[in-house]
Protein chains: 2
Amino acid sequence: MSQPVDSGREQLARAARRHSTATVLYHHAVAERLGLGPSDHKCLDLLLQHGELTGSRLARMTGLTTGAVTGVVARLEAAGFLHRRPDPADGRRQLLRPVPERVEEVAAVFAEDGPDLDRLTAGMTREQVDAVLTFLSRATDELAACASRLRARALLVGAARASSRAPTHPERAEEDA
Amino acid sequence: MSQPVDSGREQLARAARRHSTATVLYHHAVAERLGLGPSDHKCLDLLLQHGELTGSRLARMTGLTTGAVTGVVARLEAAGFLHRRPDPADGRRQLLRPVPERVEEVAAVFAEDGPDLDRLTAGMTREQVDAVLTFLSRATDELAACASRLRARALLVGAARASSRAPTHPERAEEDA
DNA sequence: TCGATATCGCTTAGGAGATGAGCGAGTATA
DNA sequence: TATACTCGCTCATCTCCTAAGCGATATCGA
């Protein structure tokens with residue numbers, strides 16, 4: 001292996017890649033455990049992190065069409081994970097928020113069959129944990145930005161193919177995640 | 001907020017959760033960019049990390065049925081991402097391996113629209129980067145183990161429902177990922 | 001103030017992809 | 001050698017996503 005710096009970077013790239021794959025597989029397994037599809041779980045996750053969202057916002061964040069989101073919301077509501085109410089400020093909108101009791105069940109799955117954070121940081125100093133925290137936070141922002149870039153580019157290609165005529169499709173990806 | 005320790009743990013949990021969601025969304029966006037479905041991308045990822053796998057192993061690792069894997073392999077092969085050859089040691093098996101040239105295209109997508117690792121670790125000492133590396137590595141193992149546990153449990157439930165008669169379904173999840 | 005345009009969530013038709021079951025071929029075990 | 005298992009594949013079926021378009025509401029411009 002070349003210099004320690006390059007070796008370290010490659011090591012990190014590999015580790016991040018493997019971690020990424022493991023995360024995706026785990027996320028899918030959790031969804032199945034909850035009796036949800038991957039998209040449903042994704043949306044529920046976003047809902048838990050944001051507290052309250054509209055359907056269109058959810059569509060923009062996930063890259064799903066509004067039609068797909070309608071299905072997701074219907075399933076999540078039927079399963080009792082989600083409560084919806086009309087937006088008092090905008091008659092077109094629905095405000096979606098997770099249902100606390102059901103959310104606790106989700107949290108229970110994570111507690112029972114999720115990674116043990118204490119074990120992950122065992123033997124680390126506060127400074128080292130902070131470094132991990134910084135890395136995760138930066139990576140989250142980067143990933144969200146990259147995903148939005150990728151989706152925006154895909155839309156441009158799609159728009160070029162269909163030329164003008166904007167469909168129901170999300171007009172532009174959202175950097176927020 | 002309570003004690004700094006608890007606060008730190010919760011902070012880490014939240015960061016990990018957000019990072020996880022962002023990862024899943026990014027993974028999906030990359031798949032679309034490559035013209036692949038999420039499962040296809042997942043399998044390709046595993047193939048890239050392991051070099052060569054059999055179909056049944058892929059099914060066990062992803063939790064997909066063998067029927068689904070047949071479709072995944074057919075699509076990946078048609079798209080030129082994958083080469084397959086019969087296992088000389090076992091006439092039933094097919095050995096699947098990624099095609100180098102196409103893999104470079106995938107790598108190009110990551111390079112162009114992937115997170116910049118240097119920026120993520122900017123300002124960190126070697127020791128801090130090592131901490132991140134340790135965390136990622138441990139988390140990867142934990143996630144793989146948890147996913148396999150979840151899937152194994154789901155299979156038990158399924159087996160209890162269908163009682164005996166094992167289907168084509170993956171008999172047990174694999175810890176390896 | 002009022003018409004034009006956008007956005008919201010929903011619906012529908014159609015298709016892609018996953019499941020679940022079962023098959024023949026090949027391998028391991030008794 | 002006979003039996004049980006594993007491999008990858010096929011088929012019918014189902015679920016979920018896309019693409020397109022609709023009515024209702026909101027916003028902007030003249």
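Heavy atoms only: backbone and side chains are in, while hydrogens, waters and symmetry mates are out. Letters A, B, ... mirror the listed sequences (proteins, then strands); counts begin at 1.
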Query raised in the report: Counting just side-chain N and O atoms, does S56(A) come under 4.0 Å of either OP1 or OP2 of dG9(C)?
Result: yes
Query raised in the report: Between residues 79-95 of chain A and DNA chain C, which residues have a heavy-atom gap below 4.0 Å?
Result: R84(A), R92(A), R93(A), Q94(A)
Requested in this report: Check every strand shown and say whether G55(A) touches a base, only sugar-phosphate, or nothing at a heavy-atom separation below 4.0 Å.
Outcome: sugar-phosphate
Query raised in the report: Just to confirm, is there a sub-4.0 Å distance from OP1 or OP2 of dT10(D) to any side-chain nitrogen or oxygen of T70(B)?
Result: no
Query raised in the report: Between A68(A) and A68(B), who's closer to the 5' end of DNA chain C by nearest nucleotide?
Result: A68(A)
Query raised in the report: Does R57(A) make a side-chain N or O approach to OP1 or OP2 of dG9(C) shorter than 4.0 Å?
Result: no
Query raised in the report: With a 3.5 Å cut-off and just heavy-atom distances, do the side chain of T66(A) and the base of dC10(C) make a donor-acceptor pair?
Result: yes
Query raised in the report: Cut-off 3.5 Å, side chains only: do H28(A) and K42(B) have a donor facing an acceptor?
Result: yes
Query raised in the report: Any Lys/Arg nitrogen of E32(B) or R151(A) sitting under 4.0 Å from an Asp/Glu carboxylate oxygen of the other?
Result: no
Query - Length of the line joining L64(A):CG and dA20(D):C1', which is rounded to integer Å - result: 17 Å
Query raised in the report: So, T21(B) versus Q49(A): side-chain donor-acceptor pair below 3.5 Å or not?
Result: yes
Report task. Please state how far atom CG in L76(B) lies from atom P in dG17(C), giving the value in whole angstrom units. Result -> 11 Å
Query raised in the report: Hey, does G37(A) reach any base, or is it just sugar-phosphate, or nothing, if we go heavy atoms under 4.0 Å?
Result: nothing
